[in-house]
Amino acid sequence: MSLDRYIISAPGKVILFGEHAVVHGKTAIAGSLDGLRTYALFEKRIDEYLELNLPDLGLQQAFLWPTSVLPYNLVNNIETKDGPQNLQFNDILLQKIKSIVSNGQDNQEINNIQQIAAFTFLYLYTCLKNNSQTSWNGMTICVRSNLPIGSGLGSSASYSVCLATGLLLAFGYISSPYENNEKQEIKKMSELINLWAYQAEKVIHGTPSGVDNSVATYGGVIVFTNGVIQNIRGTQSLRFLLTNTKVPRHTKTLVENVRTRLENFPKIVNLILDAIHGISESFKEILEKEINDDQELCTKIEGFIDMGHHLLNSLGVGHPSLDKVREIAAQYDLHTKLTGAGGGGCAITLIRNGNFFLKKKIHYNTNNTIQ
Ligand SMILES: Nc1ncnc2c1ncn2[C@@H]1O[C@H](COP(=O)(O)OP(=O)(O)OP(=O)(O)O)[C@@H](O)[C@H]1O
Ligand SMILES: C[C@@](O)(CCO)CC(=O)[O-]
Ligand SMILES: [Mg+2]
């Protein structure tokens, strides 16, 4: 039974190690950001209109569409992994939604951030509305976030998780944890949310790995390899300083550039991706070892940070502003790497403190898989 209103929230993220390599099947370690989140209000309307308010994108006026213009019944088995896989990014659907978002001008490229966000919502709505028996035909959505957008902190992933959750709740595919907090049910619902948030991320990122939407869905710190997720519980929260260079960049473009470099220099770039994979796996291993000497542990992680930063630079996703952050932090003997897609955006600096690495037994939960 769906309610008439939902308020949903999902965290941003930092990638500690493995960005870009994770797109090519390697391992990444990502952590969710407690205080930086996206919030979405979904409210049922009595008319058959969709109203989308995106004030963070400088949208003065809400998008407003009659539901009658949208195509339906594209996906048969929404609730299984086959659902999205059967759903080809078929051109008719994409063109149809693109023309709706660009007010009827056909063959318009969707390139500004408002249209990308609107297209992502309409795509997910069209897939999930399907033939679900629900009274949520019309709805008003408003999205707000305190995450910097386009800065490498997973704003698109938290946006995608909020949209997927709101629509799955509205169309009755999941129920709120207040109505059903049975552990097994929550696990199933989280997997469905993550599956459809991943579809939304594909619209925004092009060929995402799924690590961003996974950590925005599950929270905490996760180890992610090819869609397999290990939740790391019981870790002492690592302390990082987040620096936003405020240099704008697009994740989709940066990911495409790395793919081109891999196609042009496969023998070299594959070794770099393997080295980045090695850092993620080594980090995972030291979390499991009983290293009680905090200094030794900290020195190892600082080594991973330095190597990780230089390896990402060699993939062409660095930026002078990120190196500047490294240089300034190094004056205080602190170690810094870019986080997310790079090319500007944010850097993370490891903060040492006395009891920084109080070791607690690290427990890996059973694997969750999302694809
Ligand atoms: N609060 C928001 N409201 C509406 N759309 C948003 C919001 N936050 C993010 N988006 C969507 O996500 C896009 C930014 O995604 P992008 O992947 O480029 O950056 P990011 O997710 O912040 O960085 P990274 O992917 O490197 O972590 C925006 O263009 C917009 O379409
Ligand atoms: C750059 C990347 O690895 C992380 C972006 O936050 C892209 C992805 O994994 O989808
Ligand atoms: Mg993103």
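Read the numbers this way: they start at 1 and go in the same order the structure lists the ligands and their atoms. Because the structure is predicted, anything quoted here is derived from the model rather than measured.
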Below 4.0 angstrom, N of the basic side chain to O of the carboxylate: do [X] and [Y] qualify?
X: Lys187; Y: Glu191; result: yes
X: Lys300; Y: Glu285; result: no
X: Glu327; Y: Lys324; result: yes
X: Glu281; Y: Lys284; result: yes
X: Asp306; Y: Lys337; result: no

Geometric class of the [Y]/[X] ring pair [parallel <30°, tilted 30-60°, perpendicular >60°]:
X: Tyr123; Y: Phe119; result: tilted
X: Phe42; Y: Phe121; result: tilted
X: Phe304; Y: Phe283; result: perpendicular

Determine, using ring centers only, whether Phe171 and Tyr125 are less than 6.0 Å apart.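 Yes, the ring centres sit under 6.0 Å apart.
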Trp196/Tyr198 aromatic ring centres below 6.0 Å: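 When the ring centroids of Trp196 and Tyr198 are compared, they turn out to be at least 6.0 Å apart.
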So, do Ile8 and Tyr39 sit near enough that their side-chain heavy atoms are less than 4.5 Å apart?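 With C-beta onward as the side chain, the pair stays apart.
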Glu43 and Met139, any side-chain heavy atoms less than 4.5 Å apart: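 They are not in contact (no side-chain heavy atoms under 4.5 Å apart), so the answer is no.
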Per-atom contacts of ligand 2 with [X], taking only distances under 4.0 Å to non-hydrogen atoms:
X: Pro208; answer: 10 (O)
X: Lys13; answer: 6 (O)
X: Val22; answer: 3 (O), 9 (O)
X: Val211; answer: 9 (O)
X: Ile15; answer: 4 (C), 6 (O)

Result of checking Asp323, Thr339, Thr336 against His309 for side chain to side chain donor-acceptor pair (under 3.5 Å):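 When side chain to side chain donor-acceptor pair (under 3.5 Å) is applied between His309 and each of Asp323, Thr339, Thr336, only Asp323 qualifies.
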Around the Mg ion (ligand 3), list the protein N/O/S atoms within a radius below 2.8 Å, excluding water molecules.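 Near the Mg ion (ligand 3), the protein supplies Ser156 OG, His205 NE2.
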Which residue and atom name correspond to the protein heavy atom nearest [atom], and how close is it?
atom: atom 3 (O) of ligand 2; answer: His20 N, 2.9 Å
atom: atom 9 (O) of ligand 2; answer: Ser209 OG, 2.6 Å
atom: atom 6 (O) of ligand 2; answer: Asp212 OD2, 2.7 Å

Ligand 1: protein residues within heavy-atom distance under 4.0 Å: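 Lining ligand 1: Lys13, Leu54, Asp56, Leu57, Ile113, Ile116, Ala117, Val143, Ser145, Ile149, Gly150, Ser151, Gly152, Leu153, Gly154, Ser155, Ser156, Tyr159, Ile204, His205, Asp212, Arg249, Thr251, Ala341.
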Do any nitrogen or oxygen atoms of Thr251 come within less than 3.5 Å of a nitrogen or oxygen of ligand 2?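 No, since none of the N or O atoms of Thr251 sits under 3.5 Å from an N or O of ligand 2.
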Please step through side chain to side chain donor-acceptor pair (under 3.5 Å) for the pair Thr225 and Thr27, ending with a clear verdict. CA-CA 5 Å; Thr225 315; Thr27 295; 2.7 Å; yes
